[in-house]
Undergrad: 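Okay, here's the structure, questions in a sec.
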Amino acid sequence: MKRLDDRIAPPLPTLEPIRLVDRHGRRVADPTVSCPSPTTLTSLLRAMIVGRRFDRQAGALARQGRLAVYPSSYGQEACQVAGVLALAEQDWLFPTYRDSVALVTRGVDPVETLTLLRGDWHSGYDPGLHRCAPQCTPLATNASHAVGLTYAARHKGEDVAALVLMGDGATSEGDAHEAYNFAAVWNTPVVFLVQNNGWAISVPLHRQSAAPTLAHKAVGYGMRGYHVDGNDAAAVHAVVGRALEEARAGGGPAIVEARTYRLDAHTNADAPQRYRDDSEVEYWKQRDPIERLETLLRAEGHVDDDTLAGFAAEAERMAADVRERVDAAPDPDPDELFAHVYAAPTAQLVEQRQALRDEIREG
Amino acid sequence: MAEITMAQALNRALRDALHDDPNVVVYGEDVGPLGGVFRVTDGLTAQFGEDRCFDSPLAESGIVGTAVGMASYGLRPVVEMQFDAFGYPAFEQVVSHVAKMRNRTRGRMSLPLVIRIPYGGGIGGVEHHSDSSEAYYAHTPGLRVITPGTPSDAYSMLREAIACPDPVVFLEPKRRYWAKEEVETPVRTAPMDRAVVRRTGSDVTLIAYGPMVATALEAAEAAREEGRDVEVVDLRSLAPFDDATVTASVRKTGRALVVHEAATFAGYGAEVAARVTERCFHYLEAPVLRVGGLDIPYPPPRLEHHHLPDVDRILDAIARLQWEADWVDPDAVPSGARPPASGARRGREVRS
């Protein structure tokens, strides 16, 4: 626990976001972080291409009624992918409902990722397998879980950090505040990656916060805050990687605000034309995270048409597999409604399970 | 055998759990060096160190939320909400995560954690220090909600709660913290999800829990002087509900009365009354009555005695259980029928 007289005020985040690759795909030098290697950049590009294909496929399934709902992260691929790829194997990811691409990037089965959104169950994957908490819907409420989990790991002598994904709107929640504060006081290795896409469904950022940047919020908690170009996968990877490294070394948690944009509607049930202008969408399309990195890697000769064709083919195979297996997924079993409420069903649940079985049998 | 208070029994349960299981951690507001505002965690930080029993920031949602994370990674956190009404900021964590995590993850992530909440009134506490919040939790599937009425149960049930694979809301009747009992710890009482018959009787069943168990027993004693033989059932577990024990008792006595401090309207007693009616209808001589607090926000301390059920209010309710129905038209009794053993059984035998 830090004593008052040992404290050093963390540096203020920069108003201009940290950027390593500009929107034309040219390298930019930054005093804070250095650019990841070409190999890492290539894997970021590959994951973004596969991730976007997954996102497009899931959106199509929702429009066809084969998913109950799908909240897209189209345009936010740099955040979805680069943060996750900065994690070590033993680390944990705490995603929200908009972070399906992050889960797929982490290695979770894409079909199991969609279990929630297909409406089969509330979460389809085994959290322990890829160290991914279930996707969280009540905003910011899983942030304190990451603090507790990393506390527990340290208690057991294990080196485990966590990445919490949250949106700009979520930073207004009281639970975000409590999680930031607990993480800072307990000095747990948690990085809160705020994907600031400018809109909390229909509410713009200026109605959400008066902070100079959302990263500035970190300073009041005694945390480091980083403001990064969220459509620059190289910068997001470098900054999240640095924040994780500092946190592991005992430097405490951090908030990373990544400035990005949701090109699609909030979900397939949203009507974005009611609150935002097409010109804004066009502006952000000019700053596409995939095009930017592809331009750089092509220009520097790290990828060519063959490489990119390979990535596209991989993405198509994944999409075809998703289409096939989503439809083949078995219908949810009504018996399961009673199976996981408690470690063992109570007498009342056993009674209700039998009553439901009878009801179903009698039609 | 030595006399200990309920607060001391709880303290010993935490001490023994910390000693026996290195994964147990205890934290909350003022639970460290101070030992908690009710001294339930007295001496634990000194004995086990700041890693095992410690003060957290003053934020209940954060306390429960971090406990979720710890429990999902193999610890067994025992957290304290300092007072009932101070637990409300954590409500979302409790209903959306604590109660649901096992179910959401198809049993893959369980949360063995305990949320200790001193609850109820009767200690002269000012506003927000005397709520009976049990119905909020009992209404939430996935939680176990238990409440001890005696020091020995306090010890045994807290040990069992900490060892339980399910999350437990452990409601401590704060007005009984100083109640004494001769107990040798460790002590093991009935399983925490069972109700127990605290006093046997044949005329009426008083169903109580937590702070009202002692009051119900006093009322039973007073009723004996008025010629009523009262059985007292201590529910202990509000969720799940022990239908078997309660049903057996009410079928025996034919009358039932539920007692709690919480406001009566839509209170826990309504659930008890409904369950008893559904299972015992043909055994009942009178409607199931509820004796609860008034349907008002918890009153200021100088008026709380008007709000809280006491012996007199319970006796009045017992008197309203339609004892005049004891009278049975002799012509209605089938010839050769065995003379009924008690008033409560008479109507039943006539009908059968």
Side-chain angles (χ1 to χ4, degrees), chain A residues 1 92 94 115-116 121-129 133-138 140-156 158 160 162 173-175 177-186 188 190 336-349 351, chain B residues 22-23 25 27 50-52 54-77 89-90 92-93 95-97 99-113 141-144 164-167 193 237 239-244 275:
Chain A
M1 202 82 41
W92 274 72
F94 287 80
T115 301
L116 165 73
W121 201 259
H122 312 299
S123 180
Y125 49 90
D126 182 347
L129 196 58
Q135 282 172 290
C136 185
T137 302
T141 58
N142 62 347
S144 56
H145 304 173
V147 180
L149 185 142
T150 47
Y151 181 97
R154 185 173 65 197
H155 189 87
K156 291 165 174 252
E158 297 172 20
V160 175
E173 292 278 7
D175 270 22
H177 156 69
E178 295 194 21
Y180 297 159
N181 190 51
F182 271 74
V185 173
W186 289 357
T188 51
V190 179
E336 197 176 355
L337 294 171
F338 307 95
H340 317 299
V341 186
Y342 299 96
T346 60
Q348 286 81 8
L349 288 179
E351 214 174 277
Chain B
N23 288 321
V25 292
Y27 67 101
E50 282 200 354
D51 282 353
R52 306 289 306 285
F54 52 93
D55 291 325
S56 72
L58 200 165
E60 292 79 9
S61 186
I63 291 170
V64 175
T66 51
V68 168
M70 290 185 199
S72 71
Y73 206 75
L75 294 188
R76 288 183 179 267
E92 181 173 24
Q93 286 293 339
V95 300
S96 291
H97 292 299
K100 291 177 178 165
M101 192 63 84
R102 175 188 290 279
N103 189 58
R104 290 169 72 206
T105 60
R106 298 186 138 151
R108 288 156 172 157
M109 189 179 264
S110 58
L111 298 180
L113 61 86
L143 300 176
R144 290 182 177 273
C164 180
D166 298 317
D193 57 356
S237 174
F241 184 82
D242 182 356
D243 281 306
R275 301 188 83 82

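We use all heavy atoms of the structure for the numbers below, so side chains are in, but hydrogens, waters and symmetry mates are not. Below, read A as the first sequence line, B as the second, and so on, with proteins coming before strands; counting in each chain starts at 1.
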Undergrad: Where does A/D126 contact chain B at under 4.5 Å (heavy atoms): side chain, backbone, both or neither?
TA: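 It is both, since atoms from each part get that close.
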Undergrad: Without swapping roles, check the side chain of A/E178 against the backbone of B/S61 for a donor-acceptor pair under 3.5 Å.
TA: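 Such a contact is found between A/E178 side chain and B/S61 backbone.
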Undergrad: Heavy atoms only, distances under 4.5 angstrom: which of B/P167, B/A59, B/A244, B/G107 has the most pairs with chain A? Name it, please.
TA: B/A59
Undergrad: Can you say whether A/T346 sits under 4.5 Å from chain B via the side chain, the backbone, both, or neither, judging by heavy atoms?
TA: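 For A/T346, side-chain heavy atoms alone lie under 4.5 Å from chain B.
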Undergrad: Using only heavy-atom distances, determine whether the side chains of A/T141 and B/H97 contain a donor-acceptor pair under 3.5 Å.
TA: yes
Undergrad: Taking only residues two or more places apart in sequence or in another chain, which ones pass side chain to side chain contact (heavy atoms under 4.5 Å, CB included) with B/S237?
TA: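 Listed in chain order: B/I146, B/D193, B/P240.
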Undergrad: Most heavy-atom pairs under 4.5 angstrom with chain B, which of A/F182, A/F94, A/W92?
TA: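 Going by pairs under 4.5 Å, I would pick A/F182.
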Undergrad: For each of B/P77, B/A99, B/G74, tally heavy-atom pairs with chain A at distances under 4.5 Å, and name the one with the top tally.
TA: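 Between B/P77, B/A99, B/G74, the count favours B/G74.
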Undergrad: Given that the side chain runs from C-beta out, which part of A/Y125 has a heavy atom under 4.5 Å from chain B: side chain, backbone, both or neither?
TA: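 Contact with chain B: backbone only.
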Undergrad: Non-hydrogen atoms of chain A under 4.5 Å away: do they reach the side chain of B/V64, the backbone, both or neither?
TA: neither
Undergrad: Measure distances from B/R275 to the heavy atoms of chain A and classify the residue's part below 4.5 Å as side chain, backbone, both or neither.
TA: side chain
Undergrad: Any side-chain heavy atom of A/S123 within less than 4.5 Å of one from A/L116?
TA: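 No. Closest side-chain heavy atoms not under 4.5 Å.
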Undergrad: On a heavy-atom basis, which atom in A/P134 and which in B/R104 lie closest, and how many Å separate them?
TA: CB-NH2, 3.8 Å
Undergrad: Give, for atom OH of B/Y73 and atom CG of B/L111, the distance between the pair rounded to the nearest 0.5 Å.
TA: 15.5 Å
Undergrad: Are B/Q93 and A/H145 side-chain neighbours, meaning at least one heavy-atom pair lies under 4.5 Å?
TA: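 The answer is yes; the side chains approach within 4.5 Å.
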Undergrad: Which atoms of B/I63 are under 4.5 Å from chain A, going by heavy atoms: the side chain, the backbone, both sets, or neither?
TA: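 B/I63 touches chain A through backbone and side-chain heavy atoms alike.
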Undergrad: Does any heavy atom of chain A fall under 4.5 Å from the side chain of B/A67, the backbone, both, or neither of them?
TA: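 For B/A67, no heavy atom lies under 4.5 Å from chain A.
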Undergrad: Under a 4.5 Å heavy-atom cutoff, which of B/R106, B/R102, B/M70 has the most pairs with chain A?
TA: B/R106
Undergrad: Keeping the roles fixed (side chain from A/W121, backbone from B/T105), state whether a donor-acceptor pair exists under 3.5 Å.
TA: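 Side chain of A/W121 to backbone of B/T105: no pair is present.
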Undergrad: Tell me which of these, A/H340, A/E158, A/H155, has more heavy-atom pairs under 4.5 Å with chain B than the rest.
TA: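 Most heavy-atom pairs within the cutoff with chain B belong to A/H340.
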Undergrad: Side chain, backbone, both or neither: which part of A/A343 has a non-hydrogen atom closer than 4.5 Å to chain B?
TA: both
Undergrad: Checking A/E351 against chain B: side chain, backbone, both or neither under 4.5 Å from a heavy atom?
TA: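 Just the side chain, heavy atoms under 4.5 Å.
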Undergrad: Which region of B/D51, side chain (C-beta onward) or backbone (N, CA, C, O), has a non-hydrogen atom less than 4.5 Å from a non-hydrogen atom of chain A, or is it both or neither?
TA: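 Interface part for B/D51: both.
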Undergrad: Given a strict heavy-atom distance threshold of 4.5 Å, which part of A/A153 is in contact with chain B: side chain, backbone, both, or neither?
TA: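 A/A153 touches chain B through backbone and side-chain heavy atoms alike.
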Undergrad: Checking heavy atoms, do the side chain of B/P22, its backbone, both or neither come under 4.5 Å from chain A?
TA: backbone
Undergrad: Quick one: list whatever passes ring pair (Phe, Tyr, Trp, His ring centres under 6.0 Å) with B/F54, sequence neighbours left out.
TA: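 Checked B/F54 against ring pair (Phe, Tyr, Trp, His ring centres under 6.0 Å); matches are A/Y151, A/W186, B/Y27.
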Undergrad: Given side chains that start at C-beta, do those of A/H122 and B/K100 come closer than 4.5 Å, heavy atoms only?
TA: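 Heavy-atom side-chain distance check fails, nothing below 4.5 Å.
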Undergrad: Measure distances from B/S96 to the heavy atoms of chain A and classify the residue's part below 4.5 Å as side chain, backbone, both or neither.
TA: side chain
Undergrad: Return yes if some donor-acceptor pair links the side-chain N/O of B/R76 with the main-chain N/O of B/C164 below 3.5 Å, else return no.
TA: yes
